[in-house]
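Working notes for the structure below.
Just so we're clear, the structure is a prediction, and the values are computed from it rather than from any experiment. For the numbers below, each heavy atom of this structure counts, side chains included, while hydrogens, waters and symmetry mates do not. Below, chain A is the first sequence line, B the second, and so on; all start at residue 1.
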There are 2 protein chains.
Amino acid sequence: MRKTKTPLPADSVAATRTAEYKAAVVRENRRVTSYDVALLAGVSQSAVSRCFKPGASVSPTTYARVMKAAAGLDYIPNAAARSLITRRSNMVAVVMCHVANLYYPEALAELSQQLARRGKRVLLFTVQHEDEVEHILGDIWQYQVDGAIIAATLSDEQVQEFERRGLPLVVFNRNLRGRTVNSVLCDQYEAGRMLATRLAAAGHRQFGIMAGPDGSAVAAERRAGACDRLLELGLPPPVLVTGQFDYASGARGLRELIERLGHPPDAVICGNDVMALGCLDLARHELGIDVPGTMSVAGFDAVEPTGWLSCNLTTLRQPMHNMALAAADLLTSMIESHGSHLAEKRTFAPQLVPGATARLAPLAGASLAA
Amino acid sequence: MRKTKTPLPADSVAATRTAEYKAAVVRENRRVTSYDVALLAGVSQSAVSRCFKPGASVSPTTYARVMKAAAGLDYIPNAAARSLITRRSNMVAVVMCHVANLYYPEALAELSQQLARRGKRVLLFTVQHEDEVEHILGDIWQYQVDGAIIAATLSDEQVQEFERRGLPLVVFNRNLRGRTVNSVLCDQYEAGRMLATRLAAAGHRQFGIMAGPDGSAVAAERRAGACDRLLELGLPPPVLVTGQFDYASGARGLRELIERLGHPPDAVICGNDVMALGCLDLARHELGIDVPGTMSVAGFDAVEPTGWLSCNLTTLRQPMHNMALAAADLLTSMIESHGSHLAEKRTFAPQLVPGATARLAPLAGASLAA
DNA sequence: TTGTATGCGTTATCAA
DNA sequence: TTGATAACGCATACAA
């Protein structure tokens with residue numbers, strides 16, 4: 001204790017006491033708790049707790065003293081302890097497959113933002129293939145998240161486990177047939193149909209379809225939509241190849257299409273943009289094919305590079321912002337309703353981005369206006 | 001109770017008891033706890049706890065009984081409760097600025113994977129601008145993460161707060177001058193120098209430098225490296241413009257360069273790849289400039305599209321995989337050493353990706369061999 | 001190896 | 001409005 005002739009001003013005394021407290025906490029290798037703050041502020045621990053709960057009843061003077069003590073001690077409530085009793089962790093598990101791919105980051109960024117706006121943080125689970133999801137479910141249960149948004153295909157058993165555990169679940173961009181589960185998706189089947197319709201209307205007859213990998217549900221639906229529509233229209237059966245959703249696959253796919261047909265198809269519908277760009281580059285820069293003069297190329301997703309001059313791809317956009325918003329809303333609503341929320345499927349329409357790599361017929365509405 | 005003439009087989013009895021337990025848990029609106037498992041397995045709660053702790057001493061029979069009971073009740077230890085006592089949440093905060101940008105997703109995916117391998121999960125904090133970081137620090141303290149990896153510039157005070165709270169911190173790809181803080185980075189200054197050197201050696205004299213936004217430390221270092229090197233080489237002062245790291249900025253920047261010079265520069269060093277591609281597209285497709293014949297264009301990051309045929313950009317690659325690995329290692333080591341880990345800065349060299357948008361002189365070594 | 005007892009840091013209930 | 005007290009679900013020291 002330092003001795004002074006004149007008594008210390010109140011502020012200084014407070015500062016000294018605060019410093020002593022902090023030293024004690026460090027010495028005893030503890031964390032700063034609400035109890036420390038209470039002691040320093042001269043109130044009960046529950047008073048401190050109430051000060052950090054919005055809308056609790058505390059007198060202004062108590063509040064001020066507590067906040068001052070808390071600030072001095074760098075006190076922040078411990079979310080783990082809180083979640084133990086409130087049963088709310090304010091964390092949401094987000095599961096994604098290829099975060100490094102071009103389309104997921106946008107979804108993730110939007111989700112993170114929308115959830116943050118609702119006071120929830122994203123606990124991220126990345127996985128290389130969709131079938132690895134099983135391995136991380138255990139972690140999801142452990143971490144006591146308030147809910148999960150999963151951009152992967154779940155089995156019936158897996159969905160049931162969510163239900164059994166009462167864990168709110170939103171499936172993102174996967175169409176789980178036969179299961180009533182909350183989901184947000186872009187209508188991939190319709191997207192495939194739409195592209196086929198518009199291309200066919202422009203006079204293309206021989207189609208090549210370069211689908212995504214076999215494991216992908218999204219790929220399967222886009223392919224099915226396009227194929228079904230072409231069949232309906234009575235066009236010659238399209239030639240079908242598959243790729244891995246990557247750039248190299250796009251080039252390989254086009255080579256295979258040409259080999260099987262003996263010539264380039266009139267139009268190539270690619271499973272996603274990256275494949276479409278691989279296809280496009282090969283056609284233009286290696287094979288010297290006139291796109292869209294003699295061959296049209298289109299993709300899905302409208303990822304950023306498709307808007308660039310040198311790409312300017314014809315593609316279909318998924319309204320990612322709205323989808324993320326919907327997912328966050330659905331999940332929040334489930335969390336808040338404690339399971340009484342009815343399962344809902346929110347499907348968004350894809351939006352055609354004309355680009356310059358495909359000849360498209362004008363819309364019916366446009367021709368009327370002409 | 002169902003009455004049966006013959007006694008139920010042991011398995012069936014167990015199943016019935018398990019079902020009763022589950023029903024009770026639901027009825028009382030509780031969660032399944034280690035205590036429930038203990039009761040069902042006929043052991044103490046601590047025995048259950050030990051069964052879920054790797055390397056604890058439990059007899060095989062106890063272990064088997066506990067695990068059976070646990071499986072029957074879908075029991076999983078509660079990580080929040082555990083973290084309260086172990087002081088480990090097994091969560092790491094990752095803070096990033098524009099997750100939707102092309103370069104971050106790769107970093108995030110790598111980080112998530114490397115951390116998962118070490119038993120840690122990523123709690124994601126996304127932010128629009130680097131100066132918003134301040135707002136999320138409070139959340140970081142709350143969530144009791146074991147450490148943080150931050151891809152944003154921190155102020156001295158902010159770094160000090162991490163130290164004060166004893167929270168392990170790794171700064172990702174930001175060079176915090178004057179502060180001893182663990183960081184992993186790619187040498188952006190050297191990258192700028194390298195590009196200037198190689199372009200100058202190929203005979204380019206009049207440079208345009210299209211830097212990234214003013215707020216970005218990475219942008220500033222790349223620009224400084226290039227400028228300093230050009231000055232050293234005694235070349236005419238480069239014309240300097242800035243952009244926002246986006247595609248549109250690249251085109252705008254080139255227009256501005258041409259306007260200020262009266263003609264295209266010999267070479268444009270762009271602050272990142274996306275701007276470089278914007279610049280390149282404008283030059284080739286709108287202005288009809290021969291790239292790299294009369295003007296060279298180069299960028300930084302080697303994001304995926306730069307490898308595509310129609311882009312094939314000359315750029316510098318950051319060894320993201322190694323950087324993520326280093327960051328995860330640094331952080332784990334800090335966490336495990338309880339603060340005795342000495343601050344370390346791990347700097348990785350950028351790697352030139354020649355591409356086809358810039359004339360580059362052969363390396364000194366190559367010319368010797370000739 | 002096993003069980004008992006205690007504490008982690010908070011919120012919630014209730015009486016004052 | 002305030003304070004005492006009891007959970008929340010687990011891990012750990014200690015005794016058996």
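Side chain of B:Asn78, nearest nucleotide from D:dA7, D:dT2, D:dG9: D:dG9.
Atom CZ of A:Arg87 and atom P of D:dA7 are 14 Å apart (whole Å). Taking atom CZ of residue B:Arg88 and atom P of nucleotide C:dC8, one finds them 18 Å apart after rounding to whole Å. The distance between atom OH of B:Tyr143 and atom C1' of C:dT10, rounded to the nearest whole Å, is 15 Å. Rounding to whole angstrom units, CG of residue A:Leu73 and C1' of C:dG9 are separated by 15 Å. Protein atom OH of B:Tyr63 is 14 Å distant from nucleotide atom P of C:dT1, rounded to whole Å. Look at CG on A:Leu39: it is 12 Å from P on D:dA4, rounded to the nearest Å. The separation between B:Leu84 atom CG and C:dT10 atom C1' is 8 Å, rounded to whole Å.
Using a 4.0 Å heavy-atom cutoff across all strands shown, A:Tyr75 reaches sugar-phosphate atoms only and no base atom. In this structure, B:Ser83 reaches neither bases nor backbone, as no heavy-atom distance under 4.0 Å exists between it and the strands shown.
The nearest heavy atom of DNA chain D to B:Ser34 and to A:Thr61 marks one nucleotide each, and the one closer to the 5' end goes with A:Thr61.
Contacts with DNA chain C (heavy atom under 4.0 Å) in residues 46-60 of chain A: A:Ser46, A:Ser49, A:Lys53, listed by number.
Closest non-hydrogen pair, B:Ser183 versus B:Leu330, comes out as O-CD1, 3.9 Å.
Here the side chain of B:Glu132 pairs a donor or acceptor atom with the backbone of B:His129 at under 3.5 angstrom. No donor-acceptor distance shorter than 3.5 angstrom exists from the side chain of A:Asp146 to the backbone of A:Val92, with no hydrogens or angles considered. Judged by distance alone, the side chain of A:Ser112 and the main-chain N or O of A:Leu108 form no donor-acceptor pair under 3.5 Å. Without hydrogens or angle criteria, B:Tyr143 side chain to A:Asn90 main chain gives a donor-acceptor distance under 3.5 Å.
In this structure, B:Trp141 has its ring center under 6.0 Å from that of B:Phe162.
Between the side chain of B:Gln45 and the base of D:dA11, at least one donor-acceptor pair of N or O atoms lies under 3.5 Å.
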Test salt bridge (charged side-chain N to carboxylate O under 4.0 Å, His left out) applied to A:Asp329 and A:Arg118, step by step: CA-CA 9 Å; A:Asp329 277 344; A:Arg118 293 162 175 77; 2.4 Å; yes
